[in-house]
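Some notes on the structure that comes next.
Proteins get letters first, then strands, A, B, ... in listed order; numbering begins at 1 in each.
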Amino acid sequence: MKQKELVFGTAYYPEYMPYDRIDQDLNMMKKAGMNVVRIAESTWSTLEREEGIYDFSYIDCVLEKAFERKMYVIIGTPTYAIPSWLARKDADILVTTKNGRANYGHRQLINILNPVFREHAENIICRLVEHTASHPSVIGFQIDNETKHYGNDGEQMQKLFQEYLQEKYKDTDTFNKAFYLAYWSNSIHNWEDLPDMKGCVNGGLVGEYEAFKRSIAAKYLKWQAQLVGRHKRDDQFITQNFDFEWKKFGADIAQDGYSYGVQPDINHLEGAQYVDLVGTDIYHPTQDNLTGAEIAFGGDSIRSLKNENYLVLECQAQAFKYWTPYPGQLRLQAYSHLASGAMGIMYWNWHSIHNGYETYWRGLLSHDLQENPAYEEACVIGAEWKKHEQKLRGLVKNNKIALLVDNRSLTALKWYPIDRDLSYNDVVRWMYDSLYEMNLECDVVDVKALKEEKYNMIVVPALYCADEDLIQRLDVFVKNGGVLVSSFRSFVANEQASVYPDAQPHNLTECFGMTYNQFTEPGRSKLFGEELSYYMELLKPDKAESLANYEHPYWNPYAGITRNMYGEGTAFYVGCFTTKECLKKVFREAAEKAGILISSLVWPVTIRSGVTENEKNIHYILHYSENAKDIICPYEKVIDILTDVVYEKGDNIHLSDWDVVILEEL
Amino acid sequence: MKQKELVFGTAYYPEYMPYDRIDQDLNMMKKAGMNVVRIAESTWSTLEREEGIYDFSYIDCVLEKAFERKMYVIIGTPTYAIPSWLARKDADILVTTKNGRANYGHRQLINILNPVFREHAENIICRLVEHTASHPSVIGFQIDNETKHYGNDGEQMQKLFQEYLQEKYKDTDTFNKAFYLAYWSNSIHNWEDLPDMKGCVNGGLVGEYEAFKRSIAAKYLKWQAQLVGRHKRDDQFITQNFDFEWKKFGADIAQDGYSYGVQPDINHLEGAQYVDLVGTDIYHPTQDNLTGAEIAFGGDSIRSLKNENYLVLECQAQAFKYWTPYPGQLRLQAYSHLASGAMGIMYWNWHSIHNGYETYWRGLLSHDLQENPAYEEACVIGAEWKKHEQKLRGLVKNNKIALLVDNRSLTALKWYPIDRDLSYNDVVRWMYDSLYEMNLECDVVDVKALKEEKYNMIVVPALYCADEDLIQRLDVFVKNGGVLVSSFRSFVANEQASVYPDAQPHNLTECFGMTYNQFTEPGRSKLFGEELSYYMELLKPDKAESLANYEHPYWNPYAGITRNMYGEGTAFYVGCFTTKECLKKVFREAAEKAGILISSLVWPVTIRSGVTENEKNIHYILHYSENAKDIICPYEKVIDILTDVVYEKGDNIHLSDWDVVILEEL
Amino acid sequence: MKQKELVFGTAYYPEYMPYDRIDQDLNMMKKAGMNVVRIAESTWSTLEREEGIYDFSYIDCVLEKAFERKMYVIIGTPTYAIPSWLARKDADILVTTKNGRANYGHRQLINILNPVFREHAENIICRLVEHTASHPSVIGFQIDNETKHYGNDGEQMQKLFQEYLQEKYKDTDTFNKAFYLAYWSNSIHNWEDLPDMKGCVNGGLVGEYEAFKRSIAAKYLKWQAQLVGRHKRDDQFITQNFDFEWKKFGADIAQDGYSYGVQPDINHLEGAQYVDLVGTDIYHPTQDNLTGAEIAFGGDSIRSLKNENYLVLECQAQAFKYWTPYPGQLRLQAYSHLASGAMGIMYWNWHSIHNGYETYWRGLLSHDLQENPAYEEACVIGAEWKKHEQKLRGLVKNNKIALLVDNRSLTALKWYPIDRDLSYNDVVRWMYDSLYEMNLECDVVDVKALKEEKYNMIVVPALYCADEDLIQRLDVFVKNGGVLVSSFRSFVANEQASVYPDAQPHNLTECFGMTYNQFTEPGRSKLFGEELSYYMELLKPDKAESLANYEHPYWNPYAGITRNMYGEGTAFYVGCFTTKECLKKVFREAAEKAGILISSLVWPVTIRSGVTENEKNIHYILHYSENAKDIICPYEKVIDILTDVVYEKGDNIHLSDWDVVILEEL
């Protein structure tokens with residue numbers, strides 16, 4: 001595809017339709033300017049109705065009619081929802097978790113290690129790819145969907161984990177020592193004595209096990225990619241739909257939550273190495289709660305996996321009742337994805353489903369399958385994209401800030417929570433969102449992928465598990481002039497989640513110029529006159545300067561935030577969970593020290609910039625508000641791509657509600 | 001019995017007593033004016049202490065002593081609580097639900113399909129009825145108690161369900177299509193592949209399964225009725241104690257909740273066809289929260305099953321601590337049951353139990369088994385009823401409003417909730433209670449029993465599943481001059497809960513003169529200046545008039561409530577969950593159009609009217625308030641049955657706290 | 001040991017350490033003035049790494065190095081956490097509860113009745129005691145730790161329970177009658193029909209079962225004590241660490257709660273008879289929520305088991321984040337334990353653990369294992385204790401008030417809750433804390449251990465289950481001049497939790513001069529103008545005087561609190577859950593009638609008194625506040641043991657924040 005066009009399309013399930021509408025649907029898509037559909041990813045029971053009896057007719061039909069309309073098709077391997085005849089072949093195909101064996105019915109409850117499942121999955125994948133790869137409309141394959149380990153605690157998983165431990169730690173004494181297993185008589189002296197992990201109470205070992213399970217999920221993707229690779233054409237890509245940790249907000253069953261933070265059940269970086277093109281789905285609050293933060297966070301995370309443009313394989317159309325979009329919001333969302341570096345978007349999904357499970361997670365079309373306000377807005381997007389795609393394609397970022405994320409720290413802080421109501425991802429989002437609202441763009445970088453030489457400033461939220469090597473590199477980074485901003489609960493433990501038995505933050509006390517050996521619930525403590533919540537470390541500055549001491553009768557000798565000049569650089573340490581406003585003060589100072597320009601515009605006026613394929617600097621002005629306002633143009637001379645209006649520095653730019661302006665530097 | 005007397009009595013468990021008190025208890029009952037006791041319905045382990053060893057002596061004793069006192073006895077078949085020796089015979093006798101196999105101990109955890117259970121149940125039922133039917137005091141038999149399917153997901157249930165589906169849908173393709181099973185690969189192409197329903201995620205199929213399970217429960221009643229019918233005398237009735245969905249309000253275990261709405265686990269209409277006389281239990285808040293609404297709703301529901309008088313087989317005496325009655329409340333409650341058409345009431349139960357499970361669900365007597373304020377008030381009721389029963393017997397209603405209820409819609413909206421905090425029954429009660437508070441009496445009619453020709457006005461709360469036939473009949477009803485008032489979420493789907501794939505409300509867009517294809521959480525939307533909650537549809541009036549548009553920056557083009565003149569009639573559609581006051585405005589206008597008289601008196605002065613056996617129009621004035629007040633007599637000339645005071649139109653009628661006045665038209 | 005020194009020490013786990021620090025740790029302890037460490041109680045997998053392969057080397061090392069430093073060692077038998085090789089020998093070694101079989105991993109999930117477990121436990125206990133008993137540093141042995149029945153519902157437990165019932169009740173009819181089992185067909189007529197107790201719904205039988213399970217736990221202690229007794233020296237004691245019911249307050253997993261009330265899962269009195277010296281652990285809120293109430297309640301409970309000084313085997317150092325101590329609080333806590341009669345304290349634990357489960361239940365040392373504020377405060381305590389121990393040792397109390405507690409009532413009120421939010425222990429603490437805040441010291445006495453002749457006043461919180469004998473003794477106690485203060489829900493039922501079927505309070509209506517047969521949720525009721533919550537009985541005074549009637553339109557004829565002169569004594573009855581202030585009025589009057597002196601000082605100035613080994617009257621003044629204040633010396637002439645300052649009556653005594661003053665009468 002090579003991004004000849006902006007991708008605009010939708011997931012499409014003709015097999016879910018109440019009557020044959022393929023022509024009508026594709027016509028409506030075409031009218032909306034769509035150019036890609038994704039099909040087949042949950043239709044195993046349609047494609048192989050009984051074992052060995054195949055029917056690809058609906059796929060053929062879509063391919064033929066798409067071809068007629070010059071539309072592209074992405075074929076999904078249908079393995080994330082299995083037919084009941086397969087489940088009947090071996091009870092162990094359904095995953096066994098802490099809660100026992102799953103019942104058949106829901107998707108994504110598969111034991112991906114089960115050999116019978118693998119055998120049949122291999123068969124259907126190969127047949128499907130063989131059947132479709134030669135068709136000219138097929139531009140790529142999605143392997144599985146939102147793949148994870150599904151909490152697999154089955155026999156195969158545990159057996160493999162034991163082998164992995166044995167391979168890694170060699171002897172049980174080393175293993176016991178690594179995780180401090182003498183505690184509560186949990187040490188073993190014979191590998192066979194490794195107990196069922198379902199009962200494990202050792203936070204470190206649980207973390208190791210979770211990391212191992214994430215690996216298994218990634219390797220399952222590798223296996224699928226190899227199968228597809230055998231049959232696909234060279235010009236076809238392989239992608240996967242990576243999703244984020246879901247945040248519930250208290251609504252109805254099956255319809256509660258949105259894409260929030262780092263995914264705990266597969267490591268995106270590990271999985272991404274097996275695909276050509278990274279895809280993702282990003283869902284988020286809408287209406288009065290549409291902020292753009294999830295689109296930005298998700299995009300910055302996914303783009304940073306390969307430092308390339310990526311596919312938004314799913315994004316919401318009407319979704320559930322809380323998210324019925326206001327006029328203008330679908331369009332603002334679409335441009336926001338582009339502004340993060342997406343190659344385009346595909347709705348999930350085309351139509352609202354008439355029965356099943358996600359009946360009220362509505363598609364672009366309502367249940368009446370007719371044109372409606374959401375569809376009409378999609379038509380606007382399609383038309384604009386067609387018109388301007390040459391100017392918008394292939395956005396490249398050159399961010400100078402990296403925000404570090406880490407699956408092991410996420411798992412460790414589930415086991416050793418900072419607070420019941422403050423998760424690892426809450427800390428990540430507290431730091432990310434503060435940057436976002438300041439229009440300080442960053443890469444969201446897996447700790448294993450950090451290339452510190454690319455960045456001027458590194459932001460570290462709650463990096464509980466940090467290995468010696470990383471710690472040393474960060475020390476050097478600061479020494480050499482970098483700016484480091486760390487939150488509390490960073491550099492506490494090693495990869496086994498074993499707390500370093502020396503001064504905190506481990507091996508960075510010199511870098512940060514302070515240490516601490518006490519922490520507490522804040523109670524009535526304040527900082528800068530503002531209340532604190534959840535957690536605070538009692539920092540004792542040595543060379544560092546205290547930016548603020550706690551306001552509290554007993555904790556006031558201790559600092560809450562410190563700054564330390566170290567070598568050529570500066571290291572900030574935020575020892576407590578503050579308001580975002582308070583954190584932004586630190587970021588402002590840190591960015592200045594890092595030589596990063598800070599915009600005077602702030603959210604709800606969001607600015608996202610980059611260089612396009614034709615080497616122009618462009619700036620998306622995304623207006624996340626229903627209140628129209630004028631802003632002053634901060635650029636020397638720019639042209640609004642969408643309207644051709646030219647602005648010079650100081651000119652008023654009018655932003656209506658939920659508006660988008662895309663300024664290309666002249 | 002033929003309602004020679006008003007029924008006044010109690011459930012009676014001499015086998016639970018700390019010492020032999022049968023004489024003393026019956027004397028106390030007699031003194032209170034009681035004429036009926038219900039016995040035996042949970043005493044299998046007493047009647048058949050070991051397999052095949054019977055002891056009916058306590059029943060004989062009660063019958064003999066009741067006969068001496070000219071009291072009647074209803075015998076309950078003892079099947080809803082089984083002896084442990086029976087549970088030991090076959091593990092499968094205890095029900096298997098989503099949560100696994102039940103443990104022995106609690107009542108109503110039986111697999112009513114188990115053949116061993118059936119064999120022993122048949123035996124004890126037949127022996128008990130044979131033993132007692134000839135006794136002159138026995139006026140009838142209650143089969144089982146509060147019968148339901150108990151969440152039965154056992155093997156027999158699933159096997160029968162598969163056979164039912166096969167019989168109904170014939171081939172798997174039709175079946176797949178009916179429920180859109182291609183979704184998530186859930187389609188089957190071989191009936192044996194129908195998976196365990198415990199994991200089913202298809203809302204429609206779950207609804208079909210629940211309906212099937214309700215049927216099984218009803219057929220179990222049929223089976224019991226046939227057994228009893230073989231042995232009972234012709235003049236003895238068969239009854240069943242139907243109960244309502246329970247609403248928890250957050251109190252202690254086992255003592256939290258009250259009779260709230262449509263029963264999900266048996267269909268009352270289906271069950272009622274197998275009994276001669278419909279019985280029910282109705283429990284409700286008391287003290288400051290006594291409103292009469294549950295007594296009215298329960299009565300209007302149960303009476304409408306056969307359009308006949310019914311038995312209140314259980315109602316509360318002192319119950320648990322929240323419901324200790326204020327002076328006057330027991331009496332007000334008793335008359336309220338009569339005012340709905342009850343043949344009388346029986347307390348649950350006579351005495352407070354000294355150990356077990358419901359020790360603090362107190363009877364009429366406290367644990368000391370002596371006279372107490374509740375008992376003393378029962379004496380007042382008994383004396384009044386004896387004195388006035390000729391004037392109160394056999395109340396007949398001729399309501400012109402029907403409120404439609406439907407088990408399938410209830411199930412569907414559990415699966416596809418309008419909102420986590422707004423259930424189907426919440427919508428039913430929102431509409432019912434609004435009518436009740438306006439003193440607009442209605443029949444509460446199962447959708448399968450509607451005779452639309454009887455009514456001027458039909459009220460439709462959240463009839464999510466509506467079949468084509470009903471929809472057409474309602475269309476005709478309005479065309480012919482009827483008044484239809486529907487809430488949101490009606491006429492959305494068919495009986496399979498498959499959403500109609502055309503304009504909403506399905507086939508009634510002309511009747512209502514509007515359509516919609518968007519809905520949303522209300523957020524800050526208002527209607528008539530009042531806040532909305534949970535859900536709203538964005539109505540687009542065509543011929544209809546908007547009674548109010550939403551007050552919201554983006555939704556204000558859409559109507560919230562519409563009215564449409566259609567043929568000779570009028571159709572109102574309430575697209576959102578409003579305050580009750582707002583809904584009452586609609587009902588007021590609708591009732592006027594339907595030619596139904598609206599009282600100027602409103603709750604807490606409740607008026608319930610009807611025609612008695614001796615063909616007099618009577619009006620119960622039920623005062624649900626602790627604040628005494630005077631009302632103005634709205635009738636030409638009436639006599640208060642209880643006091644013989646005559647009132648003419650415009651006279652003051654004094655109502656003291658929790659008062660009852662019964663006016664007979666002269 | 002004979003209390004030659006005040007015990008000051010810590011639990012110590014060298015096997016959990018990241019590197020060998022035994023010398024360093026013991027030196028730090030010695031520097032802090034510590035004289036005892038407790039080791040080994042959870043190290044089975046270290047001591048017996050594989051079946052039959054022993055390694056006591058770390059214990060030998062600790063003993064040797066302790067000996068060098070003249071420190072004492074308590075050896076714990078390591079049975080409360082088992083090695084995984086043992087769990088693998090027999091699946092039944094892990095406990096089966098209502099929730100099924102436990103997984104291996106967590107401690108205290110053992111089926112203590114399993115014979116394989118017993119065999120191996122016997123072996124390791126005997127070997128460990130044999131190995132260590134002769135060492136001069138070993139002063140005693142702790143058997144197991146916080147032993148309970150762990151919710152054991154396994155086969156052995158149920159079999160033994162059936163045998164126990166059969167032995168106790170002889171025939172099934174007596175058994176059925178005792179528990180009213182005819183209810184819901186639960187009666188049996190053959191002992192084999194006794195069903196699995198996991199499903200039992202009879203509150204009385206559940207109570208009997210729980211009492212039986214508590215017995216089994218106590219007998220397990222007896223068994224361990226006998227094993228240790230076989231091998232230990234005569235001068236070595238056997239102790240056990242008794243803990244209290246835990247109260248959650250809504251924080252993180254595994255770190256939420258504190259020592260609150262009567263322990264439901266073992267009866268302390270029953271267990272205490274098998275040990276020489278009673279030990280306990282007491283944990284409690286700190287920082288702004290440090291009140292001293294838990295230290296006092298726990299101490300008064302444990303001391304009263306044998307009326308002797310006791311060991312605080314565990315108390316908190318830094319614990320979790322909510323409890324990081326303010327400066328001065330550790331010291332105040334330490335003295336508060338002494339003031340209750342403790343022989344001293346041992347921290348749990350020495351160091352913060354670097355991985356596992358309780359990583360953030362911090363020890364005295366933080367994870368850096370260096371000196372820190374908590375350690376420094378321990379040094380202060382150690383130094384003071386060494387200096388003053390002769391004057392502080394062997395405190396004896398002669399309290400004139402007994403507060404009665406009862407495991408059976410606790411269990412019964414879990415089944416038959418007064419209110420979901422008001423537990424038995426809430427009522428116990430409501431009464432205990434009111435006394436505590438008034439500086440009215442009491443013994444907390446198990447109902448089976450009451451020697452009423454010792455006391456002037458007996459306080460009875462919610463003694464739901466009271467046998468006839470106790471009731472009669474209390475009647476005589478009042479008749480003979482005693483003062484009885486009972487709360488609501490006392491004297492309701494017998495030991496089987498069967499409600500007495502006559503006037504309440506059973507057989508004490510004359511003593512209290514009142515009765516009641518109604519109770520209710522208070523709703524808007526008030527007493528003394530204050531709102532009531534949860535529950536109230538509608539008291540009808542006969543000879544008693546009403547101290548206050550309920551303020552409520554319908555309940556005002558009834559009394560809420562009554563007082564009755566009976567014989568030579570007085571009986572107070574508090575029929576509702578009032579504020580503590582309201583209850584204190586009753587206690588004030590009761591104490592006066594009982595001739596007990598009431599201090600004018602009240603909490604946060606806590607006074608705890610007693611007679612020391614050298615027969616001096618001493619008074620601990622414990623200042624539970626961060627606000628310094630002066631109090632007036634209420635004693636004729638006293639000397640502050642810590643400062644040697646002498647005060648005379650009327651002198652100002654200055655209390656700084658969290659201060660301690662110990663006054664010895666001159």
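- No other option in P327(B), P18(B), A81(B) has as many heavy-atom pairs under 4.5 Å with chain C as P18(B).
- Across T324(B) and F519(C), no two heavy atoms sit closer than the pair OG1-O, 2.6 Å.
- Heavy-atom pairs under 4.5 Å with chain C peak, among L109(B), L86(B), D657(B), at D657(B).
- Between chain B and the residues A497(C), P522(C), A493(C), G523(C), the most heavy-atom pairs under 4.5 angstrom are made by A497(C).
- The candidate with the highest count of non-hydrogen atom pairs below 4.5 Å against chain C, out of E15(B), Q318(B), H367(B), is H367(B).
- At a cut-off of 3.5 Å, with distance as the only test, no side-chain donor of S42(B) or S185(C) sits close to an acceptor on the other residue.
- Put simply, of R362(B), M17(B), H351(B), Q108(B), the one with the most heavy-atom pairs under 4.5 Å next to chain C is R362(B).
- Within a 6.0 Å sphere centred on CD of E163(C), other residues, nucleotides and ligands contribute more than 12 heavy atoms.
- In this structure, the portion of P325(B) lying under 4.5 Å from any heavy atom of chain C is its backbone and not its side chain.
- A distance of 9.0 Å separates OH in Y104(B) from CG in D193(C), rounded to the nearest 0.5 Å.
- The closest side-chain heavy-atom distance from Y500(C) to D368(B) is not below 4.5 Å.
- A cation-pi contact, defined as under 6.0 Å to the ring centre and within 45° of the axis, is absent between R107(B) and Y183(C).
- For chain C, the nearby part of D288(B) is the side chain; its heavy atoms alone come within less than 4.5 Å.
- For a residue to count as touching a neighbouring chain, one of its non-hydrogen atoms must lie under 4.5 Å from one of that chain's; by this rule E41(B) does not touch chain C.
- Top candidate by heavy-atom pairs under 4.5 Å with chain B, chosen from L181(C), T172(C), I418(C), D196(C), is I418(C).
- Checked for salt-bridge contact, K321(B) and D419(C) meet the test: a charged N lies under 4.0 Å from a carboxylate O.
- Surrounding CD of E510(C) are at most 12 heavy atoms belonging to other residues, nucleotides or ligands under 6.0 Å away.
- Heavy-atom minimum distance, H189(C) versus S45(B): CE1-O, 3.2 Å.
- Rounding to the nearest 0.5 angstrom, the gap separating the CG atom in N186(C) from the NE2 atom in H106(B) is 10.0 Å.
- In terms of heavy-atom pairs under 4.5 Å with chain B, the best-connected choice from H506(C), K177(C), M197(C) is K177(C).
- Summarising the local packing, CD of Q162(C) is surrounded by more than 12 heavy atoms from other residues, nucleotides or ligands at distances under 6.0 Å.
- A 4.5 Å side-chain heavy-atom check between Q518(C) and P373(B) finds at least one atom pair inside the cut-off.
- Ranked by non-hydrogen atom pairs under 4.5 Å with chain C, the options Q370(B), E50(B), R88(B), H354(B) are led by H354(B).
- At a cut-off of 3.5 Å, with distance as the only test, a side-chain donor of Q287(B) or T520(C) sits close to an acceptor on the other residue.
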Y554(C) and W658(B): CA distance, side-chain angles, deciding distance, side-chain contact (heavy atoms from CB on, under 4.5 Å) verdict: CA-CA 12 Å; Y554(C) 295 107; W658(B) 315 108; 2.9 Å; yes
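- In this structure, no portion of Y13(B) lies under 4.5 Å from any heavy atom of chain C.
- Separation of the W184(C) and Y80(B) ring centroids does not fall under the 6.0 Å cut-off.
- Looking at E371(B), the atoms closer than 4.5 Å to chain C (heavy atoms on both sides) all sit in the backbone: N, CA, C or O.
- Under the side chain to side chain contact (heavy atoms under 4.5 Å, CB included) test applied with N517(C), the options L369(B), N372(B), L365(B) reduce to a single match, N372(B).
- Ring-centre distance between Y16(B) and Y180(C): not below the 6.0 Å cut-off.
- Within 6.0 Å of the CD atom in E530(C), the count of heavy atoms belonging to other residues, nucleotides or ligands exceeds 12.
- Ring pair H552(C)/Y326(B): centre-to-centre distance below 6.0 Å.
- The choice from E192(C), R524(C), M536(C) that makes the most heavy-atom pairs within less than 4.5 Å of chain B is R524(C).
- The local environment of NZ in K159(C) is sparse, with at most 12 non-hydrogen atoms from other residues, nucleotides or ligands closer than 6.0 Å.
- Between chain C and the options L47(B), N355(B), N103(B), T43(B), heavy-atom pairs under 4.5 Å are most frequent for N355(B).
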